[in-house]
Amino acid sequence: QAQLVQSGGGAVQAGGSARLSCQVSGINLDYYAIGWFRQAPGKKREGVSCLSPPNKITFYEDSVKGRFTVSRDKAKNTVYLEMNSLKPEDTGVYSCASAQAGYGCYIYGLLESDYDDWGQGTQVTVSS
């Protein structure tokens, strides 16, 4: 079972940047996918990006493509979501989650039901 601890986020002005961190323990990131999800107020949770080293897949949802970058630091067992050119519609609670190799992160998107363990979530608020 993985433990995921998130940090980062907060209040940002439109056009600004923020970085979310997801420190993972209990699993080897070489064999797991990490997904980033967000839930805007009044909306269902959606997958925005994922990284799956076993499948060599990196995915970005269309609305964040070109603005968000997912990466990992293997030595720190940490996955990052770098968010640039932020927009008010990026506001929400962002959560990272882990899925076993070959699951969760696909070339067409994220499958939420594949994710087993979740971070605590962190709020990102983008003001105009």
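The first residue of the sequence shown is numbered 1, and numbering continues consecutively from there. Everything numeric here is computed off the predicted structure, so don't read it as measured data.
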Which atom of Gly47 lies closest to which atom of Phe37, heavy atoms considered
CA-CD2, 3.6 Å
How about Gln13: does its CD atom have over 12 heavy atoms from other parts shown lying under 6.0 Å from it?
no
Which residues pass the ring-ring contact (aromatic ring centres under 6.0 Å, His included) test with Tyr94, sequence neighbours left out?
none
Shared hydrophobic cluster for Val70 and Tyr31 (ILVMFWY, side-chain gaps under 4.5 Å)
yes
Hey, does the side chain of Ser52 reach the backbone of Ile57 with a donor-acceptor pair shorter than 3.5 angstrom?
no
Report the distance from atom OH of Tyr80 to atom CD of Gln23, rounding to the nearest 0.5 Å.
8.0 Å
Membership question, hydrophobic clusters at under 4.5 Å side-chain separation (ILVMFWY): are Leu4 and Tyr115 in the same one?
no
Please report the interatomic distance CD(Glu61) to SG(Cys50), rounded to the nearest 0.5 Å.
11.5 Å
Working to the nearest 0.5 Å, report the span between CD1 of Ile34 and CG of Leu81.
12.0 Å
Working to the nearest 0.5 Å, report the span between NZ of Lys56 and CD1 of Ile107.
15.0 Å
Answer whether the closest heavy-atom distance between the side chains of Glu46 and Arg38 falls below 4.5 Å.
yes
Whether Asn77 side chain and Val24 backbone form a donor-acceptor pair below 3.5 Å:
yes
Whether the side chain of Gln6 engages the backbone of Cys96 through a donor-acceptor N/O pair (distance < 3.5 Å, no angle test) should be reported.
yes
Considering all heavy atoms, the nearest Val126-Thr91 contact:
N-OG1, 2.9 Å
Nearest heavy atoms of Ile27 and Ser98, plus distance in Å
CD1-CB, 4.0 Å
What distance do Ser63 atom OG and Lys87 atom NZ have between them, rounded to the nearest 0.5 Å?
7.5 Å
Between the main-chain N or O of Gly66 and the side-chain N or O of Tyr60, is there a donor-acceptor pair closer than 3.5 Å?
no
Between atom CG of Asn84 and atom CD of Glu82, what is the distance when rounded to the nearest 0.5 Å?
5.0 Å
Smallest separation among heavy atoms of Asp116 and Ala99, with atom names:
OD2-CA, 4.5 Å
For Gln1, does its backbone N or O pair with a side-chain atom of Gln3 as donor and acceptor, under 3.5 Å?
yes
Which atom names give the shortest non-hydrogen contact between Leu86 and Arg67, and what distance separates them?
CA-NH1, 3.8 Å
Close side-chain approach of Leu51 to Arg72, heavy-atom, < 4.5 Å:
yes
Main-chain N/O of Asp30 paired to Tyr32 side chain as donor or acceptor, under 3.5 Å
no
One pair to check against side chain to side chain contact (heavy atoms under 4.5 Å, CB included): Val64 and Trp36. What are the steps and the verdict?
CA-CA 12 Å; Val64 308; Trp36 285 98; over 6 Å; no
same_hphob_cluster(Phe68, Val124) at 4.5 Å side-chain heavy-atom cutoff:
yes
Linking I/L/V/M/F/W/Y whenever any side-chain heavy atoms sit under 4.5 Å apart, do Val48 and Leu110 land together?
no
Residues forming a salt bridge (Lys or Arg N to Asp or Glu O under 4.0 Å) with Lys65, sequence neighbours excluded:
Asp62
